[in-house]
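Everything on this sheet refers to the single structure shown next.
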Amino acid sequence: GSLTVAISTADSILRDHSVYWGQMGDVAGVWRFRATNEAQLLETLQFGEMDIGGTQETDLATNAKAVYLEYKNKAGTTLTKTGTFSDVGTISFGFSDPDGSGPLPDERPYVPKDGNLDVKLKIDYKSKADGGATSGKTWDLDFIGDSGTGTNTFKASGEGSGVILQGNST
C-alpha cells in the first residue's frame with residue numbers, strides 16, 4: 001500500500017490568521033492522509049515551524065503553551081494526543097498498540113484502505129500572565145514527517161502487510 005499527505009480543505013479555518021494571548025484550541029492546521037490499496041496505522045508524526053534561519057522557531061515555542069493532535073483510531077473514536085513544542089519549534093507524536101496484538105485500545109491514527117484521515121493540530125497560547133508570550137510574531141506550521149529518512153519524523157505500518165513506511169517514503 002501507499003500513503004500520501006496534503007493540507008486538508010475539509011476544515012474552513014483560514015491557514016493564515018491572527019492568534020491572541022491566552023487563546024485556547026486554535027486550529028493551526030489540518031492534514032489529510034490518504035491510503036491506497038491497504039489501510040495504514042500511523043505511529044510517528046512530526047510537525048514544526050519550517051522557516052529555518054529566522055526566529056520563528058523559538059517564537060512559536062515561546063508563545064505556545066500546549067499542543068494537541070486530534071484524530072480518529074480504527075474504532076472511529078476521536079482521540080487527542082497532547083505535547084509541547086521543542087525549543088526549535090517542532091513536536092513529535094508517537095502512537096502505539098499497547099500490547100502489540102489489538103485494541104486496549106489501539107490509539108494509533110487509522111487511515112482506511114482507499115480512504116482518508118484528517119489530523120488536526122490545535123494550540124493553546126500562553127497568556128501574558130504565563131510569561132514569555134510575545135506579540136507581533138509569525139510562524140508557519142508544516143507536517144515535516146516527510147523530511148527525513150528514518151522513523152523519528154514519520155512512521156506508518158500497513159495494516160495487513162506490516163510494511164513500514166517512513167520519512168520521505170510517503
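All heavy atoms count here, side chains included; hydrogens, waters and symmetry mates do not.
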Rounded distance (nearest 0.5 Å) linking atom CG of L165 with atom CD of E38: 8.0 Å
Check: V111 and L3 side chains under 4.5 Å, non-hydrogen atoms: yes
Ion pair K113/E159, N-O distance below 4.0 Å: no
Min side-chain heavy-atom separation K122-V27 under 4.5 Å: yes
Test side-chain contact (heavy atoms from CB on, under 4.5 Å) applied to Y125 and D26, step by step: CA-CA 8 Å; Y125 291 96; D26 173 58; 3.6 Å; yes
Test item: side-chain donor near acceptor, N37 and S2, under 3.5 Å: no
Pairwise salt bridge (charged side-chain N to carboxylate O under 4.0 Å, His left out) hits with a residue in residues 84-94, at least two apart: none
Y71: ring-ring contact (aromatic ring centres under 6.0 Å, His included) partners, not counting sequence neighbours: F95
Atom pair NZ (K120) and CZ (R32), whose distance is rounded to the nearest 0.5 Å: 11.5 Å
Side-chain (K126) to main-chain (T62) donor-acceptor, under 3.5 angstrom: yes
pair D140-E49: side-chain heavy atoms closer than 4.5 Å: yes
Cluster link V67 to V88, ILVMFWY, side chain under 4.5 Å: no
Spacing of Y110 atom OH and N73 atom CG [to the nearest 0.5 Å]: 10.5 Å
Atom of Q40, atom of A156 and distance for their closest heavy-atom approach: OE1-CB, 3.8 Å
Donor-acceptor pair between S86 and T90 side chains, under 3.5 angstrom: yes
E43 and S157, any side-chain heavy atoms less than 4.5 Å apart: yes
Between CD1 on residue I144 and OG on residue S92, distance to nearest 0.5 Å: 7.0 Å
Geometric class of the F33/F154 ring pair [parallel <30°, tilted 30-60°, perpendicular >60°]: parallel
L141/L60 under side-chain contact (heavy atoms from CB on, under 4.5 Å): CA gap, chis, key distance, verdict: CA-CA 9 Å; L141 276 170; L60 175 59; 3.6 Å; yes
I91 and T84, any side-chain heavy atoms less than 4.5 Å apart: no
Interatomic spacing from NZ in K137 to OG1 in T58 - rounded to 0.5 Å: 8.0 Å
Residues that K128 engages under side-chain contact (heavy atoms from CB on, under 4.5 Å), provided they are two or more places apart: W21
D130/K65 ion pair, N-O < 4.0 Å: yes
ILVMFWY network linking M24 to V30, side-chain heavy atoms under 4.5 angstrom: no
Common cluster, W31/L117, ILVMFWY with side-chain heavy-atom separation under 4.5 Å: yes
Test item: R34 side-chain N/O and D114 main-chain N/O as donor-acceptor pair under 3.5 Å: yes
Closest non-hydrogen atom pair, A35 against A39: CB-CA, 4.5 Å
Non-hydrogen side-chain atoms of I164 and K155 separated by less than 4.5 Å: yes
Check ion pair K81-E70 (N to O, under 4.0 angstrom): no
Minimum side-chain heavy-atom gap F143-V119 below 4.5 Å: no
Nearest heavy atoms of G25 and D124, plus distance in Å: N-OD1, 2.7 Å
Option among L121, I123, T82 that satisfies the side chain to side chain contact (heavy atoms under 4.5 Å, CB included) test with Y68: T82
Beyond-backbone contact of L45 with T153, side-chain heavy atoms, under 4.5 angstrom: no
Between CD on residue Q46 and CZ on residue F93, distance to nearest 0.5 Å: 10.5 Å
Trace of the side-chain contact (heavy atoms from CB on, under 4.5 Å) decision for F47 with F85: CA-CA 9 Å; F47 300 89; F85 283 110; 5.6 Å; no
